[in-house]
Number of protein chains: 2
Amino acid sequence: MSDRRPRKPPYSIDVVLLTAVRGQLAVLLSRSPDGREKWTLPWDSAKNGEALDATASRISKSILGEDTAWKEQIGAFGDGKRHPSDAEISVAFAGLVPTGTPSPVGGVYAWFPLADVPALSPRQRQILDTAVSMIRTRMDQSPVAFRLLPQMFTLTELQQMYELLLAKRLHKASFRRALQGAWLVEPTDEWRSEGRGRPAQLYRFAPRKRRPAQRGIRLDLLSS
Amino acid sequence: MSDRRPRKPPYSIDVVLLTAVRGQLAVLLSRSPDGREKWTLPWDSAKNGEALDATASRISKSILGEDTAWKEQIGAFGDGKRHPSDAEISVAFAGLVPTGTPSPVGGVYAWFPLADVPALSPRQRQILDTAVSMIRTRMDQSPVAFRLLPQMFTLTELQQMYELLLAKRLHKASFRRALQGAWLVEPTDEWRSEGRGRPAQLYRFAPRKRRPAQRGIRLDLLSS
DNA sequence: CGAATTAGTCACCAATCGTGACTAATGTCA
DNA sequence: TGACATTAGTCACGATTGGTGACTAATTCG
């Protein structure tokens, strides 16, 4: 988060780090050095010759200790709306952080549930909204839910993650049947006993190329 | 596209205009003023204070006479790959042009079927590939096929457009049943007689909000 | 007129999906 | 120790959706 002010950078790289906290999506914000209770999305300007996603990786790494396992560009933003940098445009990336990852120490960074995000600059607010909506609509194309979970997880946890992202309850049997047909996970030989109740088998994300999903068209998904 | 060289712009706006020509997707390229047979994606730098998509609209309008009915940002590109501008990064937009739109006159612009696109700068090549792949994967979320057709079209034309985008044959009855269930088109009272055979009724794109498509999850679409 | 051609529909069957009820394996507590 | 609560995991039925070939409809051509 360099805060050098000598000359205005041509563009900033902003990072939307998302995780799941207690059944809600949460975004990582950075405390502004100047204001008292002002928060911003982490951002920086690119070093000389650095690729766009490399800058995003560097930012993530500097905050979390390592890069996110998944990252996607959200787009470029710059409708003249204000931004903590004075850059004309900002290129935004979204990254997913598994639950259970140790939180960054120090009072500089904090996770905010989406419902409790404080006021941001207009451009960063738009970036956040676009990132969340993109994550939610790209679920079918990207392994989003898996990247919000640790490497090993129970099927109930996976289902709850899907329910969180879809904001909709799923039926257990349907969910597992669909999962089976998609060849996305494989069981490990470990089990986890979570208090009372039968222990759950742990699975890992292991997509197989089998069956290229030769299905029909789905016109009914068209939103607008 | 302006070719002023005095100072390097901070970023360029590149536009990928796509249409369908004889059963193939085609992209509009602009002849380089310097080289003899060099072609580029249309691009320009933003005027002062102009929003990103406003620049893209201005470029489209200057080429086609009017803006495209549909346009989407593809993203920001700038991994140090070369670009006709010397901008560090380029923000790309895709726009769809209905078949039958009068082609831009003069030898400056031309439509190239995707298979016959000449060599482009590395960055523009990447932009084009990303744009096409985005269009194809976002078909379910955006009315892509409809924006490649004139306002009124026959269902056979619509089906052929879907077949072109999906690179896959569709069964007539299935296609029409899915279309009916999606409430996307409405019939007009006009018909078109295309040579021999029974005349076809013309339809228009008229999505209705009915039935929010309360369907299950589709895990089997997950690609990676 | 009849054949060819394209549009549009129907109906059968298979595959998929929503659902409730079932079994399985553990902890809790009397 | 045994009944109960709790969570995991599966099964099977009926309803819906989807793939498909064959059908009817309306036009041009010769």
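These numbers come from a predicted model, not from an experiment. Naming: A, B, ... by sequence-line order, numbering from 1 per chain.
Distance, B:Gln180 CD to C:dG8 C1': 12 Å, rounded to whole Å. Put simply, CD on A:Gln201 is 14 Å from C1' on D:dT10, counting in whole angstrom units. A straight line from NE2 of A:His171 to P of D:dA12 spans 15 Å, rounded to a whole angstrom. Between B:Phe153 atom CZ and C:dG8 atom P there is a gap of 12 Å when expressed in whole angstrom units. Residue A:Arg192 contributes atom CZ, which lies 15 Å from atom P of C:dG27 at whole-angstrom precision. Rounding to whole angstrom units, CZ of residue A:Phe175 and P of D:dT10 are separated by 13 Å. What separates CH2 of B:Trp191 from C1' of D:dA26 is a distance of 9 Å, to the nearest Å. Per the geometry, CD belonging to A:Glu190 stands 17 Å off P belonging to D:dA8, to the nearest Å.
OP1 or OP2 of C:dG18 sits under 4.0 Å from a side-chain N or O of A:Ser174. Side-chain nitrogen and oxygen atoms of A:Arg177 include none within less than 4.0 Å of the OP1 or OP2 phosphate oxygen of C:dT16.
Here the nucleotide nearest the side chain of A:Arg176, chosen from D:dG21, D:dT6, D:dG9, is D:dG9. Nearest to the side-chain atoms of B:Ala200 among the listed nucleotides D:dT10, D:dT20, C:dA7 stands C:dA7. In the set C:dT6, C:dG20, D:dT10, the nucleotide with an atom closest to the side chain of B:Arg196 is C:dT6.
The shortest side-chain heavy-atom distance between B:Thr99 and B:Glu157 does not fall under the 4.5 Å cut-off. Side-chain contact between B:Phe93 and B:Thr55 is absent, with no heavy atoms from C-beta onward closer than 4.5 Å. Within the 4.5 Å cutoff, the side chain of A:Ile89 has heavy atoms near those of the B:Ile89 side chain. Two residues are said to be in side-chain contact when any heavy atoms from C-beta on lie closer than 4.5 Å; B:Trp43 and B:Ser90 fail this criterion. Residues B:Glu37 and B:Arg31 have side chains in contact (heavy-atom distance under 4.5 Å, counting atoms from C-beta outward).
With A:Pro42 as the fixed residue, the side-chain contact (heavy atoms from CB on, under 4.5 Å) test singles out one of A:Val108, A:Val16, A:Ile63: A:Ile63.
Note on A:Thr156: only backbone sugar-phosphate atoms sit closer than 4.0 angstrom, heavy atoms only; bases stay farther off. As judged by a 4.0 angstrom heavy-atom cut-off over every strand, B:Arg198 is placed among the base-contacting residues. Residue B:Ala178 is classed as having no contact, given no heavy-atom separation below 4.0 Å to the nucleic acid. Heavy atoms of B:Glu194 sit nowhere under 4.0 angstrom from any nucleic acid atom.
Position along DNA chain C of the nearest nucleotide to B:Thr154 versus B:Ala173 favours B:Thr154 as the more 5'-ward residue.
Using bins of under 30°, 30° to 60° and over 60° for the plane-to-plane angle, the ring pair B:Phe205/B:Phe146 lands in the parallel bin.
Residues from residues 157-167 of chain B with heavy atoms under 4.0 angstrom of DNA chain D: there are none.
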* To do: Carefully, step by step, assess B:Glu72 and B:Arg147 under the rule salt bridge (charged side-chain N to carboxylate O under 4.0 Å, His left out).
  => CA-CA 12 Å; B:Glu72 190 171 279; B:Arg147 296 308 179 199; over 6 Å; no

